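One structure below.
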Amino acid sequence: MGRKILHVDMDAFFAAVEQLRRPDLRGKPVVVGGDGNPHKRGVVSTASYEARAFGIHSAMPLRTAYAKCPHAVFLAVDFAAYGDYSRRVRAILHEYTPLVEPLSLDEAFLDVSHRPDDPVALAQDIRAAINARTGLTASVGVAPNKLLAKIASNLRKPDAVTEIRLETVAEMLRDLPTTVLWGVGPKTAARLGEALGVRTVGELCSIPLAALQTLLGDHHGEYLYHICRGEDDSPVVTEWEPKSISRETTYQWDTRRRDVIVRTISSLVGDVIDDLREEGYVARTVTVKIRYRDFATHTRAQTLPAPVGDAATVLQTAVALLERFAMDRPVRLVGVRLSNLVKPGREPGTGNRNFFTPLVRSEGRRLPVTG
DNA sequence: TCTGGGGTCCTTATCCTC
DNA sequence: TCTGGAGGATAAGGACCC
C-alpha cells in the first residue's frame, strides 16, 4: 500500500490576506511587495489573481509591475499578519494529522497514510475547513509522494483539489515542461534543452542516467532521473534545525562609501544576532556578502576557532572580511550570514529541510528525522 | 524601469593532516 | 625522509525554492 501525501498551497496568500482584511480591495488588482512603494527597489511577493491578469507575477520588480498596471493597489509585506493566518491554517492541518511539514508560510505537506479516508475526500474536507474558518482558499495536491503532490497542487489553481495516481503519473507529466519538477529552474531547463533537446518531462524520461550525470553531475543527474519518473521516497519532515541565519539589505541608491557599508553591516549584525539568540544557537562561520551595481555577487567567509554568539565578535569579524572586497564599483547590497550553527553544549545540528536531498532516497544517504 | 530577502544544497578548488 | 593519495574542513560561487 502506497503512501498518501497531500500538498496544501494557499492561493495568492499574501494578497488574499490583504483582501480579507480590507474588503474594499476585493476584486481589485493587489500587489504585495517591498515596502509597498512601486517606485522604489523591490520585487513582487504576491499578486492577486486580478493583478496576474495584467501579467504581474512573483519576483517581478515593483517598477515593472507598476508599468503593467499603474492602478493596482501596492502594499507593503506584513509578515506579522501573514504569520498569524499561517498559524491558523497550520492548526487546522494538525487536526487531520500530526505529520505536517511546513514548507513556507503558505505551503505544507501532510502525510495522511495512516488514515483510512479516501485522500481526495480528505483533501476536499481540509480545503473546505480552511475556507470556512479563515475565509482563504487553498489548492491541494494528492499523490503517493511529496514530489507529485506538489506538482498536483500546481496543476489546477485556485481553490481546487488535484490528484496524481501512480498509474497516471507518466501520462500526466509527459507533456509538462521540465520546470514543473522541483529543482529544475531556468538554468537547468536551458541546459537540458540545448544539450539534449529535452523540453518536457516525457522527453527527460527517455534520457539515460549516464547522460544526465555527464551533463549535470552525478548527484543532480541521478536526482532528475528519478523525479521525472515521479519517484520520490522522501518523508514528511516535521522538525528541522536551521543551517544558517542571515540578513541582507539592498540600498535604494548604490554606494561606495565604506562608512555607510560598515554602518549597514553593524545594523545587520545586530539583527542576525537577535535571530541567532532567539533560535538558541551560536555560530562558527561569519560570511559577508557584497553585490555590486553590475549585480556581480561575492562572499568572503571566516570560520572561527570556537562558536560565538556575541555581536562584538561577529561585527569585528565582518568588518575584517569587508577589507577583502575590492571596492572598485558601487555596492547595491550588503549581507551578513552566520553558519556552522551549534546549540551551546551540543553537536552541530543535523536537521534537514531542503529541496534536493530528501526528495529522493538513495543508498547511504542521510535522511532527516521524521515526525 | 531591471533584478528582494531568507533559506538550502551542490560543485569545485584549495589547504591541511594522516 | 620523501612522495602520493585519501579525505576532511574550508571557501567561493551557483542554482534553486518560496
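Numbers restart at 1 for each chain; the letters A, B, ... are given by sequence-line order, proteins then strands. Values below: every heavy atom of this structure, side chains too, minus hydrogens, waters and symmetry copies. Because the structure is a prediction, the values reported are computed rather than measured.
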**Prompt:** In residues 256-271 of chain A, which residues come under 4.0 Å of DNA chain C by heavy atom?
**Reply:**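 When residues 256-271 of chain A is checked for heavy atoms under 4.0 Å from DNA chain C, there are no hits whatsoever.
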
**Item:** Within residues 185-207 of chain A: residues closer than 4.0 Å to DNA chain C (heavy atoms)
**Value:**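 The stretch gives A:G185, A:P186, A:K187, A:T188 as the residues lying under 4.0 Å from the strand, ordered by number.
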
**Prompt:** CG/A:N154 to CD/A:E107 distance, rounded to the nearest 0.5 angstrom?
**Reply:**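 If we round to the nearest 0.5 Å, A:N154:CG and A:E107:CD are 7.5 Å apart.
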
**Message:** Within the 3.5 Å criterion, strictly below it, is a donor on A:D9 or A:S139 matched to an acceptor on the partner's side chain?
**Reply:**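 No, no side-chain donor-acceptor contact under 3.5 Å.
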
**Message:** Using atom C1' in both nucleotides, what's the gap between C:dG4 and B:dT17 to the nearest angstrom?
**Reply:**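 Result for the C1' pair: 13 Å, nearest Å.
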
**Item:** B:dT3 and C:dC16, which share atom name C1', separated by this distance in whole Å
**Value:**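 After rounding to an integer number of Å, I get 16 Å for this pair.
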
Mind checking ring pair (Phe, Tyr, Trp, His ring centres under 6.0 Å) for [X] and listing every partner two or more places apart, or none if nothing turns up?
{"X": "A:Y85", "answer": "none"}
{"X": "A:F79", "answer": "A:F14"}
{"X": "A:H114", "answer": "none"}

**Asked** In residues 151-161 of chain A, which ones come under 4.0 Å of DNA chain B, going by heavy atoms?
**Response**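 Those residues whose heavy atoms fall under 4.0 Å from DNA chain B, taken from residues 151-161 of chain A, amount to none.
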
**Request:** Rounded to the nearest angstrom, tell me the gap between atom CD in A:E241 and atom C1' in B:dG7.
**Result:**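 Distance check: A:E241 CD to B:dG7 C1' gives 15 Å.
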
**Request:** Using whole Å, report how far CD of A:Q213 lies from P of B:dC10.
**Result:**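 Checked: the CD to P distance equals 14 Å.
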
Candidates [options] - which lies nearest the side chain of [X]:
{"X": "A:K243", "options": "B:dT8, C:dA11, C:dT10", "result": "B:dT8"}
{"X": "A:I245", "options": "B:dG7, B:dT1, C:dC18", "result": "B:dG7"}
{"X": "A:T285", "options": "B:dT8, C:dG13, C:dA11", "result": "C:dA11"}
{"X": "A:S104", "options": "C:dA12, C:dC18, B:dT8", "result": "C:dC18"}

**Message:** Per the ring-ring contact (aromatic ring centres under 6.0 Å, His included) rule, what does the pair list look like for residues 126-169 of chain A, sequence neighbours excluded?
**Reply:**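 Qualifying pairs, neighbours excluded: none.
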
Give every donor-acceptor pair under 3.5 Å between a side-chain atom in residues 34-45 of chain A and any protein atom, sequence neighbours left out.
residue	atom	partner	partner atom	Å
A:D35	OD1	A:N37	N	3.1
A:D35	OD2	A:K40	NZ	2.9
A:N37	OD1	A:H39	N	2.8
A:R41	NH1	A:Y251	O	2.7
A:R41	NH1	A:D254	OD1	2.8
A:R41	NH2	A:D254	OD1	3.1

By the 4.0 Å heavy-atom rule, please label [X] as base, sugar-phosphate, or nothing.
{"X": "A:L304", "result": "nothing"}
{"X": "A:A67", "result": "base"}
{"X": "A:V184", "result": "sugar-phosphate"}

**Prompt:** Taking the six-membered ring for Trp, are A:H71 and A:F54 ring centroids under 6.0 Å apart?
**Reply:** yes

Pairs under 3.5 angstrom, nitrogen or oxygen only, protein versus nucleotides 14-16 of chain B, please.
none

**Distance below 4.0 Å between A:K289 side-chain N/O and C:dG13 OP1 or OP2** = no

**Message:** For C:dA12 and A:H298 - does any side-chain N or O of the residue sit under 4.0 Å from the phosphate oxygens OP1/OP2?
**Reply:**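 So the side-chain polar atoms of A:H298 never come under 4.0 Å of the phosphate oxygens OP1 or OP2 of C:dA12.
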
**Asked** How would you label the glycosidic angle of B:dC2: syn (within 90° of 0) or anti?
**Response** syn

**Message:** Under the rule for salt bridge (charged side-chain N to carboxylate O under 4.0 Å, His left out), what residues qualify as partners of A:K28, not counting sequence neighbours?
**Reply:**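 Partners of A:K28 under the salt bridge (charged side-chain N to carboxylate O under 4.0 Å, His left out) test: none.
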
**Asked** Taking only residues two or more places apart in sequence, or in another chain, which ones meet A:D125 in a salt bridge (charged side-chain N to carboxylate O under 4.0 Å, His left out)?
**Response**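 With sequence neighbours excluded, A:D125 shows a salt bridge (charged side-chain N to carboxylate O under 4.0 Å, His left out) to no residue whatsoever.
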
Distances under 3.5 Å between nitrogen or oxygen atoms of protein and nucleotides 3-5 of chain B:
residue	atom	partner	partner atom	Å
B:dT3	OP2	A:R332	NH1	3.4
B:dG4	OP1	A:R332	NH2	2.1
B:dG5	OP1	A:T250	N	3.0
B:dG5	OP2	A:T250	N	3.1
B:dG5	OP2	A:T250	OG1	2.4

**Request:** Using a 4.5 Å cut-off on heavy atoms from C-beta on, say whether the side chain of A:R115 contacts that of A:L122.
**Result:** yes

**Request:** Identify, between A:K68 and A:D218, the residue whose nearest nucleotide on DNA chain B lies closer to the 5' end.
**Result:**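 Its nucleotide being nearer the 5' end, the pick is A:K68.
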
